[in-house]
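Here's the structure, in structure tokens; my notes come after.
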Amino acid sequence: MRLGGNEGLAAPGENQAPQDEEHNCGRSEGLRSRNSLIISHASNRSIFSARVSAAAERAGFTLGMDGDEEPLLDWPLLFIQLSELFHHGDREPEWRQTARWIKFEEKVEDGGERWSKPHVTTLSLHSLFELRTCLEKGTVLFDLEANTFKQIIETAANVQITNNTLTPEQKEKVVNILLRRHLHLIAKPRHRMLARSGNCSCCAKRATKKGSALELSDSPLQEQLNNKFKRKISEGTEVANILVGEVDFLERPFIAFIRLQEAVVLGALTEVALPSRFVFILLGPKAKLRAYHEIGRAISTLLCDEIFQNVARKALNTSELIEGIDEFLDELTVLPPGKLDPTVRIQPPKFVPSPQKRKLMLDRESKAHCNGSSHHHDERLAHGHQQVSEELKRTGRLFGGLIQDIRRKAPWYLSDFYDALHLQCFAAILFIYLATVTNAITFGGMLGDATDNMQGVLESFLGTAIAGAIFCLFSGQPLTILSSTGPVLVFERILYSFSVDYDLHYLEFRLWIGLWVAFYCILLVATEASYLVQYFTRFTEEGFCALISCIFIYDACKKMVALTDSFPINWVYSINNVTVYSCGCFSSSADNQSVLNKTTFDVYNSSMNSSSFLLNEQPLNWSMLTRKDCLNLGGLLVGNSCNYVPDVTFMSFMLFFGTFVCCTMLKNFKTCRYFPTSVRKLVSDFSIIAAILIFCGIDAYCGLETPKLIVPTEFKPTNPNRGWIVYPFGGNAWWISLMAGIPALLFTILIFMDQQITAVILNRKEYKLQKGAGLHLDFFCVGVLIIVSSVTALPWYVSATVISLAHMDSLKMESTISAPGEQPKFLGIREQRVTGLIVFILTGTSIFLAPVLKYIPMPVLYGVFLYMGITALQSIQFLDRLKLLLMPAKHQPDLIYLRHVPLRRVHLFTFIQMSCLALLWTLKSTAAAIIFPLMLLALVGIRKAIECLFSLHDLSWLDDLMPEKEKKEEEDQPMKHEPDSMDIEDSELLYQEKAPEINISVN
């Protein structure tokens, strides 16, 4: 046990050493005078002081901010309980729990039957001053060895007896009062609460008769052991017990602050049976109960603060503890009276600065004062130049990056399979499977239209299954979903048109282009060209992601609008004319009678659904034929409603928008206030599947003939004029195989940009991936798969940005245990290979699932496409800046970059991005699409060029800074270390809960 510095060992101020005349910033040898009445003047920020305060120096040393920059230790979480002494007339006094803290304060509401909502603690400044005085004048014991609460009380009382601040008679009364019964508010079922409220008076009378029931139990009670609140507390949590009250036998307050050597369970003292580390006791004379209550809240709030808690755990004497309070006061923000309603409880914020960030801020201020300057050169920037990650460092050896990727991913290979043993993965498989099938059908149909069915839906299914499964087994980032993409579709359309125009054999020409592309890809892998992705900043990523998202939204809406052609709407319908609407089938002859001949025999039998065989010549009743049979037999449809299909189009749009809204609402269901957390999370994980099933059920109930999912039922090429293997010679001249290298170069640029931009987005450090990336390995796999796809005439595949992000979103992990009022913490992504592998296997077997899949309406799947496109678009900063163009300044949100960059500069940056996006869309949609890959590459050049229009300061907030030359980086290395460790100002906002719950770009 160690006594604090004010326990009679030395008088205050006696051991103060002279201050260093040169004001060095090392550990201070002197302490601030304990007799000072101005206890918090923030001298490290004072205009009258040229040096850092002793409090800042000593607290900094205690926190390990000197020398080797020791990081904050990972101490156990602290559960703080405030108990107050209550007197009930003639009855014996008892202790009642009135508040508790983990991250935020919860109070026992009036009536003592429910806890308040968690809220931010508001304190009076005077209570902190009083607390500081209490610690100066009271008993402070560090590393006390005790096993029971009674031993702790007696030890603290004996110290005060030694200091002549307490008499032996008062000690007995103090021990007796502190060992009275402690009551806690433990949540119980409602029926038990009602029973308890009805019997509380009887229980109180029985307890009064039994003296033993009024004493503190030495072992936890059963209700404390079974307290469900323990589920919200992480394992290893310790307790700080705060006890305050007024008594009539003391003339001066009895104050004790104790830190135990080993955390121990102090019987029934705490609400939850957890070991206690700190005890604070304040018993004082009567008539000051309100002051005691506020001091108890003040010490509870201090212990709830991570930095002060570190000081309290590592302090060696009272002076260090006091200086921790001074540092807390230095960071304090004071609200003027009259500007805040004291009865209003401040809701917990979604994001708060981490203790590491606050520690670094203190350290930076300390260094700034030591160096005689208030700002570091690089502090003007939001962050320094990008640090080259391990995956992008060049080895200088042939295939060096590929070898490093294999070595990096090999130790994780087995875990990539058993890490998938979680229910969340099952939900992800169903969601991504339906998205992949929809994507395969959509792009398969588009490829069929663009290539005269040389590649159709069946080839899309088969190619997706083969390429995706191989990629998931051997790639560096198996969370990536391979698929046909809009840019690849544009290139395929151009390639087929070129082949038709110049009379070339399309599949053979495509084969040689694929072989050249694979050669270029492997060459890029060999030369470690993937390191160039470090030049893909937010500007490039947002432009590409916005383009892909807009393609998803546009295609979904285009498909829905096209339904009006297949199922026209009668816009001139009038309910008054309902009696004249009709449609009938008539023969081309005047009498509307005909006879069945051998040609129409089978058609008539099928239309009439007859089980008997009719003769070759019988009268034909045209009015009984269906629309399809009437047209097949050469009949005429006559009537003013023949050209319309009632209800189908509107029903399809209801399914389309309903699926989108339902997906959005169910995905956000986990943030609502209803139902337990586990139920809300389960609904959120299965939101897409639930929305699809709901609207499939609605469609089946209504029974309308809405367009359904069409899945191939036979395993054969879509175009009967092609086979499964493409031969390299025979269809074109030999020199075509050499000339194919020119368009292959353009396609390689497209593949590189499409694949690597997606890879960079998926491997951002914000997603907290633990198993590393494999950009070289991924690109190598794509190159090999292009060979397979070219030989078998299957579509070419690259990483699909939107579906891959949706895959990661469905696999994100959050903390299951969070303190009341605390937002669940994003823990990372469930990294594994199984979900993608099963998705692609199911895609390949979907041909055999046609009897089930045929009941899924296409508008429902288009609604899922719309959901993925809009949620992906909403997560990029570009959209936020677009909204600013329509907002008056007073209504604009408090975005972090608006604090540092003038609004006109923000608008100019947005306008440049809009122009680039419009140009990309125009090129994609016109005959100039052949240069589309070059325009994607030009985005990097445009980003470099705008450095002439924007300062590095502005770009650091609106975008990433491009890497500089290695020599320059080496020179700036000492300077960049500090800002990078600080991260950007909005580093706490990296994972905001914006749909799609995962950010596409770098914000």
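Every value quoted in this text rests on a predicted model; they were computed, and no experiment measured them.
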inquiry  = Would you compute the distance between atom CG of Leu666 and atom CD1 of Ile694 and round it to the nearest 0.5 angstrom?
reply    = 5.5 Å
request  = Decide if atom CZ of Phe426 counts as having more than 12 heavy atoms of other residues, nucleotides or ligands within a radius under 6.0 Å.
outcome  = no
request  = For the pair Ser789 (side chain) and Pro795 (backbone), establish whether a donor and an acceptor sit closer than 3.5 Å, ignoring hydrogens and angles.
outcome  = yes
message = To check you understand the geometry: which heavy-atom pair defines the closest contact between Leu794 and Glu459, and what is its length?
response = CD2-O, 3.7 Å
query = How long is the span from the CG atom in Asp699 to the OG1 atom in Thr706, to the nearest 0.5 Å?
reply = 3.5 Å
task = Taking all non-hydrogen atoms of both residues into account, name the closest pair between Leu495 and Trp796 and its distance.
result = CD2-CH2, 4.2 Å
query = How many angstroms lie between atom CD of Glu542 and atom OG1 of Thr910, to the nearest 0.5 angstrom?
reply = 9.0 Å
ask   = So, Thr664 versus Tyr867: side-chain donor-acceptor pair below 3.5 Å or not?
value = no
inquiry  = Rounded at 0.5 Å granularity, tell me how far OG1 in Thr835 sits from CG in Leu430.
reply    = 11.5 Å
key: From CE (Met654) to CD1 (Ile698), nearest 0.5 Å   = 7.5 Å
query = Counting heavy atoms not belonging to Asp503, are there more than 12 under 6.0 Å from its CG?
reply = no
query = What pair of heavy atoms forms the shortest contact from Pro893 to Met887, and how long is it?
reply = CD-SD, 3.7 Å
message = Could you measure the distance from the CD atom of Gln755 to the CG atom of Leu482? Nearest 0.5 Å is fine.
response = 7.0 Å
task = Check Ile429, Ile432, Thr843 against Ile838 for a side chain to side chain contact (heavy atoms under 4.5 Å, CB included) and give me the one that passes.
result = Ile429
query = Is a side-chain donor or acceptor of Arg680 paired with a backbone partner of Tyr674 at a separation under 3.5 angstrom?
reply = yes
message = How about CD on Gln892, more than 12 heavy atoms from neighbouring residues, nucleotides or ligands closer than 6.0 Å, or not?
response = yes
task = Determine the minimum heavy-atom distance between Pro859 and Leu655, stating which atoms define it.
result = CB-CB, 4.1 Å
